[in-house]
Amino acid sequence: MAVSQLRALGLNKQAVERRAVAGWLRPWSRGVYAVGHISLPRLGQYLAAVMACGPSAALSHRSAADLWGLRPRTGSLQPIEVTVPRSRAGSPSLEVHRSRMLDPGDFTRIEGIPITSVARTLLDLAEVASSQRELDRAVDRAERLELFDLVALEEVLSRASGRRGTTRLRCAIEAWQPLPTRSELEDRHRELLTGAGLPSPRYNPLLEGRRDTHEVDAFWPSHGLVVQLDGFAYHRTRRDRERDASTDADLELAGYRVLRLTWGDVTAHPDRTVLRLRRLLPESPAVPAR
């Protein structure tokens with residue numbers, strides 16, 4: 001409990017000191033006491049750390065990422081990180097960050113603990129992460145936990161002029177940036193096939209799988225080959241990928257071969273993609289088993 005809370009309960013300075021001497025109150029940090037014992041659970045430690053830094057403080061950086069589930073703490077000796085609006089001394093158990101970014105939308109509460117939002121946490125983490133890979137994993141974890149919000153991240157980045165982590169964070173969320181539309185991807189795919197002299201497929205036909213009917217992006221009937229063009233709008237989340245895998249499996253059980261191509265496959269690596277298609281479109285067609 002913070003001293004202000006103890007005073008609200010009617011305890012003056014002398015009363016607090018007496019209880020501390022008796023062991024009923026155990027000092028955890030400056031101005032913060034644990035009641036009865038000093039061994040606090042993780043949530044208790046986080047709350048005590050924020051209390052120790054004042055009413056405008058919030059859990060942040062690696063500690064906030066831990067509480068959101070974006071990354072685990074690497075050890076019990078790692079200082080708890082807190083963001084405050086003005087300079088404040090830290091301690092061996094606390095790492096205090098001063099920030100002028102104090103937009104109310106960047107802060108919320110978990111279990112009563114003031115904490116930076118997921119978007120703000122990722123920005124802060126981008127500054128202190130040991131590598132780009134660590135940050136990428138945190139972003140991926142946010143998406144898996146359905147905490148990822150591209151709009152919120154863009155808003156945070158728009159206010160983060162001069163922050164060291166902005167470049168890292170933009171790289172980490174690049175995969176979620178809107179790509180060209182489905183029709184644009186199909187147009188580039190047509191151009192790729194024409195330029196390579198490959199046979200033209202049927203676009204967007206309905207095919208009967210083992211259990212369901214599916215609209216596919218491109219289909220060569222005489223070869224039993226399906227190509228699915230993965231664009232941003234329909235293939236960005238874990239649920240989308242699970243749906244795609246289920247569709248592919250259903251089509252393959254019906255005898256079709258399925259190849260997925262991304263925007264990068266079609267535009268950045270055309271030679272590699274053409275080679276794959278040539279191997280799947282031999283001179284002698286193979287009709288899928290039905």
Side-chain angles (χ1 to χ4, degrees), residues 131-133 135-137 139-144 146 148 150 153-154 168-290:
S131 65
Q132 181 69 45
R133 186 177 182 183
L135 179 62
D136 291 344
R137 286 177 173 174
V139 171
D140 183 64
R141 183 65 176 165
E143 190 272 319
R144 293 187 181 191
E146 300 184 356
F148 184 89
L150 183 61
L153 281 163
E154 291 288 1
R168 265 188 171 183
L169 184 55
R170 289 193 185 281
C171 288
I173 66 174
E174 184 177 5
W176 280 268
Q177 296 296 333
L179 291 175
T181 64
R182 176 178 179 179
S183 61
E184 290 174 309
L185 183 51
E186 286 183 0
D187 288 344
R188 296 297 290 270
H189 183 246
R190 293 175 194 268
E191 294 171 5
L192 179 68
L193 297 177
T194 301
L198 290 167
S200 297
R202 291 168 52 196
Y203 281 95
N204 309 128
L206 292 175
L207 297 183
E208 291 292 333
R210 178 61 65 88
R211 294 186 303 177
D212 298 305
T213 301
H214 308 278
E215 180 181 341
V216 302
D217 295 324
F219 176 54
W220 287 261
S222 58
H223 295 81
L225 176 64
V226 172
V227 164
Q228 300 282 49
L229 301 171
D230 288 356
F232 171 81
Y234 304 102
H235 308 277
R236 59 166 289 186
T237 67
R238 174 173 55 85
R239 289 180 179 176
D240 293 335
R241 294 191 290 271
E242 290 175 351
R243 181 201 62 208
D244 292 342
S246 177
T247 297
D248 293 352
D250 193 40
L251 289 169
E252 288 170 355
L253 287 172
Y256 298 102
R257 292 178 295 174
V258 181
L259 174 66
R260 287 194 172 271
L261 298 177
T262 65
W263 176 259
D265 290 328
V266 175
T267 62
H269 306 287
D271 293 340
R272 183 180 67 188
T273 301
V274 167
L275 180 60
R276 295 171 71 189
L277 288 170
R278 287 193 191 283
R279 291 177 175 174
L280 292 169
L281 296 169
E283 294 294 332
S284 300
V287 178
R290 298 306 304 271

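- Proximity of H214 to V226: side-chain heavy atoms (C-beta onward) are nowhere separated by under 4.5 Å.
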Could you go step by step and tell me if Y203 and D217 meet the side-chain contact (heavy atoms from CB on, under 4.5 Å) rule?
CA-CA 5 Å; Y203 281 95; D217 295 324; 5.6 Å; no

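- For residues 196-205, the set of pairs meeting the salt bridge (charged side-chain N to carboxylate O under 4.0 Å, His left out) definition, not counting sequence neighbours, is empty.
- Side-chain contact annotation: D265 with T262, donor-acceptor N/O pair under 3.5 Å present.
- At least one side-chain heavy atom of L207 sits under 4.5 Å from a side-chain heavy atom of F219.
- Between V227 and R260, every side-chain heavy-atom pair lies at or beyond the 4.5 Å cut-off.
- Inter-residue side-chain proximity for R170 and E154 is flagged as met; some heavy-atom pair is nearer than 4.5 Å.
- In terms of the side-chain contact (heavy atoms from CB on, under 4.5 Å) criterion, residue partners of D140 (sequence neighbours excluded) are, by chain and number, E143, R144.
- Between R211 and L253 the shortest side-chain heavy-atom distance does not fall below 4.5 Å.
- For S200, the side-chain contact (heavy atoms from CB on, under 4.5 Å) criterion is met by no residue, not counting sequence neighbours.
- Donor-acceptor pairing under 3.5 Å is lacking for the side chains of D248 and Q228.
- Residues R257 and E252 fail the side-chain proximity criterion, which asks for heavy atoms closer than 4.5 Å.
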